[in-house]
Amino acid sequence: MPKSYRVAILGATGAVGTELLQLLDSRQFPLGDLKLLASARSAGKTLEFQGSKLKVEAVTEDSFKDVDLLLASAGGSTSKQWIPLAVSSGAVAIDNSSAFRMDPEVPLVVPEVNPEAAATHKGIIANPNCTTILMAVAVWPLHKLQPIRRLIAATYQSASGAGARAMEEVLTQTKAILQGETPKTEAFPYPLAFNLFPHNSPLNDRGYCQEEMKMVNETRKIFGESELRISATCVRVPVLRAHSEAINLEFNEPFSVSKAREILRDAPGVRLVEDWQANYFPMPIDATGRDEVLVGRIRQDISQSCGLELWLSGDQIRKGAALNAVQIAELLVEKDLLKPAASLAMT
Ligand code: A2P
């Protein structure tokens with residue numbers, strides 16, 4: 001009998017949670033049972049899954065008693081509160097928040113880059129930050145062939161990274177501005193419609209925000225290179241969904257554009273998008289709803305002989321969050337690293 005697994009989604013009503021629901025269905029994850037968890041605010045709401053309406057429950061101490069796999073996307077403090085309990089109840093947790101990412105005991109996994117790390121889990125696997133995932137998928141295949149010496153990134157991050165409420169805020173702000181009204185700000189500190197601002201996560205004493213340091217530290221952990229030279233500037237832009245990134249790579253030796261194209265054309269999780277005659281390259285509207293990271297505009301850096309420039313767009317909610325988590329779950333199933341419901345029933 002094929003194995004099936006009892007899955008719970010914590011944060012099921014959120015932007016990533018609803019995408020997780022769709023992906024479990026479309027990718028035919030072997031579900032034995034599916035539990036939808038959120039805050040008390042959402043208790044009793046229903047979400048559609050495979051043609052039926054499933055009730056959302058408020059998360060409690062009893063929520064994890066019969067769960068094999070927890071997919072969590074409800075923010076760092078919620079993860080810190082509930083994941084240890086879920087793990088002690090016997091579940092494996094894949095956490096989308098930053099709560100456990102830099103914990104040396106917790107693998108940080110991008111299946112196209114370091115799938116082997118998943119096997120080392122002790123109950124928790126962390127899903128990296130969205131901008132980090134998109135960059136890692138595009139850069140790793142080049143780095144594997146010829147190590148990079150330095151990476152400089154600038155991001156153009158959509159509202160979706162701040163959740164469903166933030167996406168709604170951009171729409172209401174846009175309507176307000178078009179009607180000549182003053183836009184209200186709640187999810188973001190400043191108006192995002194018709195504007196952009198440096199990422200508003202807390203700044204460290206060197207002036208880097210948390211989002212930028214996530215790109216630095218998480219990429220180092222995923223690539224297994226604690227000294228890799230990386231610097232990033234993260235910017236929020238008035239795009240609803242899908243992030244874009246400009247990436248400058250410096251190698252030890254020249255890396256030809258044609259070689260980079262050849263590698264990225266076949267790289268897992270990447271779609272090469274370049275039409276130089278039409279000046280057509282990756283855009284968030286084309287990346288939205290897609291699984292692959294769109295990569296293009298690959299150029300020789302004219303300021304140095306060993307440099308390449310790349311441009312990418314990737315769906316932040318999908319590959320940047322929910323899809324990566326489901327791919328990790330699939331990896332655990334494939335390697336038999338989850339406890340199946342059927343075998344538990346027999347013990
Ligand atoms: P709720 O809808 O009940 O607030 P997003 O990232 O799109 O903002 O979604 C966040 C998700 O995390 C939502 O499903 C939200 O549930 C959930 N969430 C937020 N805070 C908590 C909490 N304290 N306990 C459980 N779920 C939470």
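Keep in mind the model is a prediction, meaning the values are calculated, not measured. These numbers come from the heavy atoms of this one structure, side chains and all, not from hydrogens, waters or symmetry mates. For this chain, numbers begin at 1 and follow the sequence in order. In listed order, ligands and their atoms are each counted from 1.
- The single protein non-hydrogen atom nearest to atom 22 (C) of ligand 1 is Thr78 OG1, 3.6 Å, given as residue, atom name and distance.
- The closest protein non-hydrogen atom to atom 14 (O) of ligand 1 is Thr13 OG1, 2.6 Å.
- Every atom of ligand 1 is numbered from 1 in the order shown, and the set under 4.0 Å from a heavy atom of Ala38 is 3 (O), 16 (O), 25 (C), 26 (N).
- Residue contacts with ligand 1 leave out Ala162, since none of its heavy atoms falls under 4.0 Å from the ligand.
- Under a 4.0 angstrom heavy-atom cut-off, Val16 registers as lying outside contact with ligand 1.
- Both Leu312 and Ile222 belong to a common hydrophobic cluster when Ile, Leu, Val, Met, Phe, Trp and Tyr are linked at side-chain heavy-atom distances under 4.5 angstrom.
- Taking a cut-off of under 4.0 Å to the non-hydrogen atoms of Ala164, the atoms of ligand 1 that pass are 5 (P), 7 (O), 8 (O).
- For Val59, no nitrogen or oxygen atom sits less than 3.5 Å from a nitrogen or oxygen atom of ligand 1, counting backbone and side chain alike.
- Under 4.0 angstrom from ligand 1, there are no non-hydrogen atoms of Ser77.
- Classification of Arg236 and Glu211 as a salt-bridged pair fails, no side-chain N sitting under 4.0 Å from a carboxylate O.
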message = Please determine whether side chain to side chain donor-acceptor pair (under 3.5 Å) holds for the pair Asp301 and Asn248, giving the CA-CA distance in whole Å, both sets of side-chain angles, and the decisive distance to 0.1 Å.
response = CA-CA 8 Å; Asp301 177 350; Asn248 180 274; 2.9 Å; yes

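- No heavy atom of Gly75 sits closer than 4.0 Å to any atom of ligand 1.
- Looking at Glu212 and His199, their side chains never come closer than 4.5 Å, going by heavy atoms from C-beta outward.
- Under the 4.5 Å side-chain heavy-atom criterion for Ile, Leu, Val, Met, Phe, Trp and Tyr, Leu47 and Leu69 are members of the same hydrophobic cluster.
- Closest protein heavy atom to atom 6 (O) of ligand 1: Gly163 CA, 3.7 Å.
- The N/O atoms of Arg41, backbone and side chain alike, include one that comes under 3.5 Å of an N/O atom in ligand 1.
- The aromatic ring centres of His143 and Phe223 sit less than 6.0 Å apart.
- Residues Ser305 and Phe251 fail the side-chain proximity criterion, which asks for heavy atoms closer than 4.5 Å.
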request  = Take Thr288 and Asp315 through the test side chain to side chain donor-acceptor pair (under 3.5 Å) and record every step on the way to the result.
outcome  = CA-CA 5 Å; Thr288 295; Asp315 189 318; 5.0 Å; no

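- One finds no salt bridge joining Glu292 and Arg318 here, because no Lys/Arg side-chain nitrogen approaches an Asp/Glu carboxylate oxygen to under 4.0 Å.
- In this structure, the protein non-hydrogen atom closest to atom 26 (N) of ligand 1 is Ser39 N, 3.2 Å.
- Below 3.5 Å of separation, one finds no N or O of Lys45 facing any N or O of ligand 1.
- Geometrically, ligand 1 and Ser42 share a nitrogen or oxygen pair separated by less than 3.5 Å.
- With respect to atom 17 (C) of ligand 1, the closest heavy atom belonging to the protein is Ala74 CB, 3.7 Å.
- Heavy-atom contacts of Ala12 reach the following atoms of ligand 1: 14 (O) (cutoff under 4.0 Å).
- Contacts between Ala58 and ligand 1, counted as non-hydrogen atom pairs separated by less than 4.0 Å, are absent for every part of the residue.
- With respect to Lys259 and Glu262, a salt bridge is recorded, a charged nitrogen being found less than 4.0 Å from a carboxylate O.
- Considering both main-chain and side-chain atoms, Gly14 comes within under 3.5 Å of ligand 1 through a nitrogen or oxygen pair.
- Note: the hydrophobic cluster containing Val235 does not contain Val216 (ILVMFWY, side chain heavy atoms under 4.5 Å, direct or indirect links).
- Judged by the 6.0 Å distance and 45° axis criteria, Arg297 is positioned over the aromatic ring of Phe281.
- When Ser73, Ala166, Gly17 are ranked by how near their heavy atoms come to atom 11 (C) of ligand 1, first place goes to Ser73.
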